[in-house]
Amino acid sequence: MSHSVVITRTTTTTTSSSSVVLNTGYLRTVPGLLKLAQLILGAVCVGIVAWHFKRFHSVYSSGNPEFFFLLMAVAFLIGTFCLLASCLVSLSTGGIISKTIYELIYHTVAFILYLAASVTLLVEVTSGHYYSSLKDAYTAASIIGLIISALYLFSAILAQRSYRGI
């Protein structure tokens with residue numbers, strides 16, 4: 001009877017003065033690099049839109065794509081930060097969480113909502129009446145949002161491949 005054996009090697013970094021263990025090897029994996037890129041680009045999007053957000057415009061008015069984009073960017077920035085932080089701080093989380101359905105659902109929902117927010121903002125900016133600098137900033141943010149949604153799609157595909165249903 002033959003069977004396959006998977007050997008996983010984890011690279012850690014420890015400091016002598018504290019008991020904090022960092023799983024630095026996770027950042028060398030494709031899911032780790034994707035989460036890091038999603039985190040950095042998401043922070044850029046939040047920064048751009050938050051800086052240029054129209055303060056005189058009512059947040060509750062109908063058809064406010066800037067607020068929807070900012071809401072999605074902040075929500076998934078926080079979620080991705082929590083996922084990345086838990087995979088970096090725990091030695092076993094990176095290997096365990098990828099085998100659950102959570103990552104597949106999270107990345108699929110993030111892909112759909114980020115794509116919807118980016119397309120909505122891009123359509124509004126190209127057809128709306130915005131000042132030149134505001135139009136350029138929102139266009140850049142929506143294009144970065146499209147790139148982030150592609151990263152979430154790739155993460156969802158990787159999560160689907162590594163998911164092991166019980």
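Numbers here simply count residues along the sequence, with the first being 1.
In the displayed structure, Phe81 atom CZ is contacted under 6.0 Å by at most 12 heavy atoms of other residues, nucleotides or ligands.
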Does the pair Val89 and Asn23 meet the rule for a side chain to side chain contact (heavy atoms under 4.5 Å, CB included), with working shown?
CA-CA 6 Å; Val89 173; Asn23 185 6; over 6 Å; no
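Taking OH of Tyr26 as the start and CG of Leu36 as the end, the distance is 10.5 Å to the nearest 0.5 Å. A distance of 10.5 Å separates CG in Leu91 from CD1 in Ile96, rounded to the nearest 0.5 Å. Atom CD of Glu66 and atom OG of Ser142 lie 11.0 Å apart (nearest 0.5 Å). In this structure, CD on Gln38 lies 10.0 Å from OG on Ser149, to the nearest 0.5 angstrom. Distance check: Cys45 SG to Phe76 CZ gives 13.0 Å after rounding to the nearest 0.5 Å. Rounded to the nearest 0.5 Å, atoms CD1 (Ile143) and CD1 (Ile148) are 12.5 Å apart.
Side chains of Leu84 and Leu27 form a contact here, defined as non-hydrogen atoms less than 4.5 Å apart. Between Glu103 and Leu83 the shortest side-chain heavy-atom distance falls below 4.5 Å. Using a 4.5 Å heavy-atom threshold, the side chains of Thr29 and Leu34 count as separate. The side-chain heavy atoms of His107 and Lys35, taken from C-beta on, include a pair separated by under 4.5 Å. Using a 4.5 Å heavy-atom threshold, the side chains of Thr120 and Phe69 count as separate. At a threshold of 4.5 Å between non-hydrogen side-chain atoms, the residues Glu124 and Tyr138 do not count as touching.
Under a hydrophobic-cluster definition in which Ile, Leu, Val, Met, Phe, Trp and Tyr are linked whenever side-chain heavy atoms come within less than 4.5 Å, directly or via other members, Leu33 and Leu158 are assigned to different clusters.
Taking both residues in full, the closest heavy atoms of Ile48 and Ala141 are given as CG2-CB, 3.9 Å, listed atom of the first, atom of the second, then distance. When all heavy atoms are compared, the tightest approach of Ala50 to Leu70 is N-CD1, 4.1 Å. The minimum heavy-atom distance between Phe111 and Leu153, with the atom names listed, is CD1-CB, 3.6 Å. The two residues Cys87 and Ile97 have their closest heavy-atom pair at SG-CG2, 4.1 Å.
Proximity of a side-chain donor or acceptor of Thr126 to a complementary backbone N or O of Leu122 within less than 3.5 Å is detected. Here the side chain of Ser118 pairs no donor or acceptor atom with the backbone of Leu115 at under 3.5 angstrom.
Residues passing the side chain to side chain donor-acceptor pair (under 3.5 Å) test with Tyr152 are Thr80, sequence neighbours excluded.
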